[in-house]
Every structure is written in structure tokens, then in C-alpha cells.
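Remarks on the structure that follows.
Order of listing sets the numbers, starting from 1, for every ligand and every atom in it.
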Amino acid sequence: MSEQTRVDGYFGEFGGSFVPPELQEVMDYLSEQFYHFKDDPDFNEELQYYLKEYVGRENPLTYVDRLTKEWGGAKIYLKREDLNHTGAHKINNVVGQILLAKRMGAKRVIAETGAGQHGVATATACAMFDMECIIYMGAEDTRRQALNVFRMELLGATVVPVEAGQGRLKDAVDAALGDLVENYSNTFYLLGSAVGPHPFPTMVKHFQSIISEESKRQILEKEGRLPDAVIACVGGGSNAIGAFAHYIDEPSVRLIGVEPDQAPSLTEGVPSILHGFKCLVLLDEEGNPKPTYSIAAGLDYPGIGPEHSHLKVSGRAEYVTISNEEVLAAFQELSRTEGIIPALESAHAVAYAKKLAPTMSQDEIIIVNLSGRGDKDVEQVFKMLK
Ligand SMILES: *Cc1c(COP(=O)(O)O)cnc(C)c1O
């Protein structure tokens, strides 16, 4: 990591920290602690222990032969984040940040959640580490995701419905930040994606980089060479940045992020400040963040992590969009041909691989990051198809 990133968290013109002074002090302290512990041997030994024993890493890099033959081009490998405890990549970051919270002496963990996936991952790890857990969730979202609210409560968390604003994710973030400013001496804010003020994007990338650390080792073992492309879906950008991290300095590897065509932050966004950092944001005519709609709740965010904004502008990574129809087709095709039901978010990456693979030769390789499993989405897909 460059000295520049360490000091102020910029990726080109993106990132930084645009927060009130009282919050900046909290962010400065968090940065200092993160940079200290990330290289601490005891901390890393403890992290490795929980990633293995609790999350279930390392997870496989699975070659999918039937899908490869059906598509008739590049060899397809899936990085199986769907096999982690709780069924997605989010737990990698949650375990890392909770261990940091413990080292910092925090007694309370707070988090924001939209559809509930990050809230459930946070509540899960808080149960195991015996931490008090408060989840802020827009009131509207608590009604739409009642089952996830119950899951978090089962796990011992307190879910606070936020009535302010439109009762959505943005309002939950504001409430969590307000709590942090008031209670910073005993409270850790566990952010769920590679977004927010510095050091969050850098910290979330650090904990998610395990994805590409493993996949690079695994593909070298299996194929004796690097992949030609790595494909991941992009919401805030955490699974994608984790899947890309160890390939960014390998120019032969194409890095491709996939967005829903109804939330194309990277393909249509403009530089702006959102939630305390600068990134590409989708704005409406009045210059306000545009409401987005995705069939995959985890991809429903008008902004995008600062490093992806920079990778896009610098040309190192490519970002593409996929339609709902293509996502639904990929969801069914992976289920039918390989017996793997993907999360609707992950099905975006699968759908783009389906377009790309036939344009490549049979000795080329694509790694698709399967960010999560689709059990949570089966009922929704059932309703959409009937
Ligand atoms: C939350 C989620 C995402 C989107 O979040 P990122 O930070 O962009 O990774 C993608 N896939 C799954 C399965 C998720 O739960």
C-alpha cells in the first residue's frame, strides 16, 4: 500500500474523509489502530484462526465443467464465497473488524443494514464474540425484511428501526454515525462495504483480500498460470475489491465489475461526495443521489467504493451492466447445470461470464467470484417466475 493511501485514504481523486470534526477524530483514531493491528502477528494469528474455524476458509475454487462446455469458450472457475458460514463474503470483513474492535476495547458494536445481510453477518459474529450488537435499519426496510429482523434478534442483536427520512439504508447510516459520535469511547462502527470515509474502504479491502489471496494460489496450483479475467458483482464494491486485490498489479488479468442496469453507479455516475467520501455517484436532475432499484437487494446503492471509482477512471478495471432478465436466466442456469444456487447479486457476475466466455478460447480462464448462495432469494425468484 502506498504512503499516500496510508496517510489520507485517496485513490486518485476519490476517497478521503468528508465528515464533521468530531467524527474525524474518531476516524483518525480508527486509522491509527487499524494500521497498527493489521501487521501485528498476534492479531493476524487470531484472524487466521477464526477464518478457518468459524468462517470455514479456505473455500474452494471450483472448476465447473458442465457450464464451461455449455458456454463453449473459456474455462470457468467459481470462487466459492457462498460456502462461508452465513453464506456470503460479508463475514470475512465482519470477523476482521470485530477482532479489531476487541483489541480497541470496544464493548458495543453498531452497524447499518439495508436488506439485512450485513446486519445478520454482524449479529452472528457478535454472538460468538460476546459483544453487544445494535443494528440500525430503515423502518421501511424492517417491514420489507421482517424475517432478517427476526434472524438478527435470534442472534441476540437489538434492531433499531429508523423512521427518519425515507426509512431506508441512507437514514440507517446517518443514525449509526450519530450513535458513533455520541458513544465513540466504547463503541465500534462496523461498516459493511468498501465505502465510507477513510479508513473504511482500505480496511474492508484488507479483510476481503483473502478472496484473491486464495484464488491466486489455487489457480496457480490447478492451472500453473494466472486467469485471463476475474469477474465480480458490484454493490458498494467489497466482494469485487477483495476478488481483484491480488491481481491489480498483474496487467494480463482483466478485472470486470458487474452492476445492475438499474443501478449503474460506475457506468453512469459522476464524481461527488456521498456518505463522507468522494466517489462516482448516480445523481438525479437536482443533483441528489438517485434512488436505485435492483432485484438483488445487496446491489442497491447509488454510489460505489472509491477504489473502484479510481480503477474505472484509470482504465485498470472494466465495469459493465446486466439486465434483470439476464440475471434470472443465469440464476437458473447455474442451478440446473452445476447444482449451485447463486445469490441474485452473484448471478450478475455469472450472467456476464456467460456473455464473455464464448468470445474467448478454450485455453483461457475466467474466475467468477460467487459472492453468496441463493437460498435467501429462492422465494423472490419463485414469485418473479410465476
Ligand atoms: C452484500 C452483498 C453483495 C454486494 O456488496 P459488495 O460490498 O458490493 O460486495 C454482493 N453479493 C452478496 C451475496 C451480498 O450479500
Side-chain angles (χ1 to χ4, degrees), residues 59 78-94 96-97 111-122 124 141 145 148 151 169 173 190-196 200-201 203-212 230-245 255-260 263-266 275 277 279-280 292 294-309 311-312 317 319 322 327 330-331 334 340-352 368-378 380-381:
N59 58 41
L78 304 179
K79 182 59 177 156
R80 303 295 305 280
E81 297 301 307
D82 62 311
L83 294 179
N84 295 340
H85 180 42
T86 67
H89 68 290
K90 288 196 172 73
I91 193 87
N92 304 326
N93 169 51
V94 166
Q97 286 197 47
E112 83 298 338
T113 199
Q117 291 148 251
H118 175 55
V120 169
T122 303
T124 298
D141 289 334
Q145 301 287 343
N148 272 341
R151 268 195 193 100
L169 178 62
V173 172
L190 207 162
L191 203 106
S193 190
V195 298
F200 282 113
M203 185 157 75
V204 173
K205 176 191 185 183
H206 178 74
F207 292 128
Q208 292 293 1
S209 294
I210 185 77
I211 300 173
S212 51
V230 177
I231 304 179
C233 65
V234 177
S238 71
N239 88 88
I241 206 69
F244 293 173
L255 305 176
I256 305 171
V258 187
E259 298 185 296
S265 316
L266 279 158
H275 297 155
F277 68 106
C279 65
L280 292 171
T292 52
S294 171
I295 55 169
L299 303 184
D300 220 345
Y301 184 65
I304 174 70
E307 191 166 4
H308 287 291
S309 302
L311 290 171
K312 152 90 185 180
Y319 296 87
I322 278 291
V327 170
F331 180 92
L334 184 59
I340 298 171
I341 302 178
L344 279 173
E345 291 86 355
S346 321
H348 285 69
V350 177
Y352 189 71
V368 177
N369 195 42
L370 209 70
S371 57
R373 65 176 182 229
D375 307 40
K376 68 181 179 58
D377 299 317
V378 170
Q380 187 189 343
V381 172

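- For Gln208 and Asn93, the side-chain atoms include no donor-acceptor pair closer than 3.5 Å.
- The single protein non-hydrogen atom nearest to atom 5 (O) of ligand 1 is Gly298 O, 3.9 Å, given as residue, atom name and distance.
- Counted within 6.0 Å of CD1 on Ile341, heavy atoms from surrounding residues, nucleotides or ligands total 12 or fewer; the atom is thus considered open.
- Near Gly237, meaning under 4.0 Å from one of its heavy atoms, ligand 1 places the atoms 6 (P), 7 (O), 8 (O).
- Residue Gly235 has at least one heavy-atom neighbour below 4.0 Å for each of these atoms of ligand 1: 8 (O).
- In this structure, Asn148 and Gln117 approach most closely via the heavy-atom pair ND2-N, 4.3 Å.
- Residue-ligand proximity: His89 is placed with a non-hydrogen atom under 4.0 Å from ligand 1.
- Closest to atom 10 (C) of ligand 1, if we only count protein heavy atoms, is Glu345 CB, 3.5 Å.
- For the pair Ile241/His308, a side-chain contact is recorded, criterion being any heavy-atom separation below 4.5 Å from C-beta on.
- Ligand 1 places these atoms under 4.0 Å from at least one heavy atom of Ala343: 13 (C).
- Protein heavy atom nearest atom 1 (C) of ligand 1, with residue, atom name and distance: Lys90 NZ, 1.4 Å.
- Annotation for ligand 1: atoms under 4.0 Å from non-hydrogen atoms of Ser193 are 6 (P), 7 (O).
- For atom 6 (P) of ligand 1, the choice among Gly87, Ser238, Cys233, Gly116 with the nearest heavy atom turns out to be Ser238.
- Within the 3.5 Å criterion, the main-chain N or O of Leu280 finds no donor-acceptor partner in the side chain of Ser265.
- When all heavy atoms are compared, the tightest approach of Gly192 to Ser238 is O-OG, 4.1 Å.
- Screening Asn92, Leu370, Asn369 for a side chain to side chain contact (heavy atoms under 4.5 Å, CB included) with Asn239, the sole residue that qualifies is Asn369.
- Looking at ligand 1, you'll find an N or O of Ser371 within less than 3.5 Å of one of its N or O atoms.
- Looking at every heavy atom in both residues, Pro260 comes nearest to Val234 through CD-O, 4.3 Å.
- Of all atoms in ligand 1, listed by their number and element, those nearer than 4.0 Å to a heavy atom of Gly372 are 13 (C).
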